[in-house]
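Only one structure is covered here, and it is reproduced in the block below.
Chain identifiers are assigned alphabetically (A, B, ...) following the order of the sequence lines, protein sequences preceding nucleic acid strands; residue numbering begins at 1 within each chain.
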2 protein chains.
Amino acid sequence: MRDDESGKRSKNGRSGSGSRAEARRATEESILKAAETVFAEAGFGGATMQLIADMAGLPKANLHYYFATKEALYRRVVEQIFNIWLQAADVFDAASGPAEGIGAYIDAKMEISRSHPNGSKVWASEVMHGAPVIQDYLETTLRDWTDGRAKIIRRWIAQGQMAEVDPYHLLYMLWATTQHYADFGHQIETLNGGKPLSDAQWEATKASVKGIVLRGIGVA
Amino acid sequence: MRDDESGKRSKNGRSGSGSRAEARRATEESILKAAETVFAEAGFGGATMQLIADMAGLPKANLHYYFATKEALYRRVVEQIFNIWLQAADVFDAASGPAEGIGAYIDAKMEISRSHPNGSKVWASEVMHGAPVIQDYLETTLRDWTDGRAKIIRRWIAQGQMAEVDPYHLLYMLWATTQHYADFGHQIETLNGGKPLSDAQWEATKASVKGIVLRGIGVA
DNA sequence: TCTTGTTCTGACCGTATGGTCAAGTTGAGT
DNA sequence: ACTCAACTTGACCATACGGTCAGAACAAGA
């Protein structure tokens, strides 16, 4: 289930290019990438280990050597996107005020929506189905994270740096809006004439979202 | 949950009102309700006809008598939600300005998120997976609907009734934010101490969302 | 009552899936 | 060269699923 790295890994003494450990890491990575795609496109129930194996380029039995069960593999995929999002919080914390912090957070989340749309979809699917495998994360890490940012937002409000808005509903709006461009990317693409948003359109989108939100919280 | 009242257990004789046609309508309705729940909770791939049949209170073979295939049943569920959302557009059109129109649209969409969370989830899941069964709706009905509202928003902007914002990104933000309370309801509930939003909280949520958005578009 | 079309249902079927296993192959340490 | 753990793989299995079918039960018109 968890990462190995447990018992005796002989020496761990690095020498040339990562031999065994590096190969394992690379294999796991390609599996995770394939799994993310398949889970995003088919959902957990619709995804098959065979398809993931094919996409990763190895036999199904070998896939089970790396990830014992479908659930274990799925869990890793979900944890991956969650950690990516948590990192995006750094820009939030480092900011000196709401315009900078929230603006940078929107930029960061939008970038992730563009670079990791499948991860976002897997997360959305997981939560929509009642978070059967990451409920504990919601109750611990996510709750702590959210409470922490809410506190920052309240401080900004107390200091008169932004309008009085409920911090939680503001955060929900940020999550909803930014992730929408990943989760509903297909719908947006269809309404965009069947073509993905161009670089210019993406920049315009970020500016538009930031414009509305920042003005909405009295910072603009 | 709650056993349907359609029970056609031998007895139940009724003949006066539209006996056969009415019974069929009632049975279909209870099936659709069960299907919406199961598809929302498990996704298309994870849902089973057996579970839907059990929840609707009839044998699987009988379920197949009403809906020949899983796809046919799923399609009906998706179409149902889509039509409910289209109706919510009425308040948009009837408005004389953005504050009234967009405010009322937010209220309407939020109400639907509360009353039909499962339908919203099924739609989200469908779109996330590339809209395999309702792509034609996206390209026709939804596109027309969206273009129409965009035109209205542009007129409001031209008349100086609201700030210059891209109509499409504004609409995406409205969809994302309002549907988030249905699709990610479980996450919100968890962050709310594991309890569903109360009536008062729901009202506060609507006010908060409207506050940010309306201020964000220069109407407030 | 008889007839006819609709509705209901248990039993069944072919297929696909997640997962296992035993027999290999490989390659780093000695 | 030898050893042994790490890795690879085709074949296999039990199960569960979507869907079918033949016939029973039922309603309603004649």
Side-chain angles (χ1 to χ4, degrees), chain A residues 1 3-31 34-35 38-39 42-77 132-133, chain B residues 4 6-31 34-35 38-39 42-77 133:
Chain A
M1 302 7 180
D3 284 345
D4 54 314
E5 78 195 305
S6 54
K8 59 301 178 56
R9 158 60 83 275
S10 61
K11 189 85 66 57
N12 183 14
R14 299 288 299 74
S15 297
S17 55
S19 50
R20 279 267 78 68
E22 169 57 22
R24 179 170 195 116
R25 201 201 57 77
T27 303
E28 281 187 4
E29 188 176 325
S30 88
I31 290 174
V38 174
F39 282 133
F44 179 82
T48 70
M49 294 297 269
Q50 183 67 63
L51 192 56
I52 294 171
D54 290 348
M55 193 168 291
L58 40 74
K60 193 182 67 162
N62 201 9
L63 170 59
H64 272 97
Y65 174 76
Y66 284 92
F67 294 91
T69 68
K70 191 182 179 185
E71 277 83 4
L73 175 54
Y74 174 75
R75 187 182 191 93
R76 282 284 296 271
V77 171
V133 324
Chain B
D4 59 303
S6 68
K8 59 237 354 8
R9 271 268 82 94
S10 24
K11 226 84 151 317
N12 187 9
R14 303 298 292 94
S15 299
S17 52
S19 52
R20 281 273 67 76
E22 168 58 21
R24 182 171 193 109
R25 201 201 55 77
T27 302
E28 281 187 4
E29 189 176 324
S30 88
I31 290 173
V38 173
F39 282 133
F44 179 81
T48 70
M49 294 297 268
Q50 184 65 65
L51 192 56
I52 294 171
D54 290 348
M55 194 168 291
L58 38 75
K60 193 182 67 164
N62 199 9
L63 170 58
H64 271 97
Y65 173 76
Y66 284 93
F67 294 91
T69 67
K70 192 183 178 184
E71 276 81 6
L73 175 54
Y74 174 75
R75 187 182 191 94
R76 281 284 297 274
V77 171
V133 323

What's B/A72 touching, base or sugar-phosphate or nothing? Going by heavy atoms closer than 4.0 Å. nothing

When you measure from the side chain of B/M49, which nucleotide among D/dG18, C/dT20, C/dC8 comes out closest? D/dG18

Between C1' of D/dG10 and CG of A/L63, the distance in whole Å: 15 Å

Which of these nucleotides, C/dG19, D/dG10, D/dG19, is closest to any side-chain atom of A/A61? D/dG10

D/dA6, OP1 or OP2 - any side-chain N/O from A/R24 closer than 4.0 Å? no

Rounding to a whole Å, what distance do you find between B/F67:CZ and D/dT20:P? 16 Å

Euclidean distance, atom CG of residue A/N62 to atom P of C/dA22 [Å, nearest integer]: 18 Å

Please give me the minimum heavy-atom distance between A/A47 and A/A42, naming the atom from each residue. N-CB, 3.7 Å

Rounding to an integer number of Å, can you tell me how far B/I52 CD1 sits from D/dG18 P? 8 Å

Please figure out whether A/K60 or A/Y66 has its closest DNA chain D nucleotide nearer the 5' end. A/Y66

Using every non-hydrogen atom in the two residues, find where A/I52 and A/I31 come nearest and quote the distance to one decimal. CG2-O, 4.3 Å

How many Å lie between CG on A/L51 and C1' on C/dA16, as a whole number? 13 Å

Go nucleotide by nucleotide along DNA chain C from the 5' end; which of B/Y65 and A/G45 gets its closest nucleotide reached first? B/Y65

Give the minimum heavy-atom separation between B/P59 and B/A53, together with the two atoms involved. C-CB, 4.0 Å

What is the nucleic acid contact for B/A53, judged by heavy atoms within less than 4.0 Å: base, sugar-phosphate only, or nothing? nothing

Could you tell me how far apart A/D54 (CG) and C/dT17 (P) are, to the nearest whole angstrom? 11 Å

Give the minimum heavy-atom separation between A/F44 and A/K70, together with the two atoms involved. O-NZ, 2.8 Å

Whether B/R25 and B/E29 form a salt bridge (side-chain N of Lys/Arg under 4.0 Å from carboxylate O of Asp/Glu) is what I want to check. yes

Let me know the distance between OH of A/Y74 and C1' of C/dG19, rounded to the nearest Å. 20 Å

Give the rounded distance in Å between these two atoms: NE2 of A/H64 and P of D/dA6. 20 Å

Quick check on DNA chain D: between A/P59 and B/K70, whose nearest nucleotide comes earlier from the 5' end? A/P59

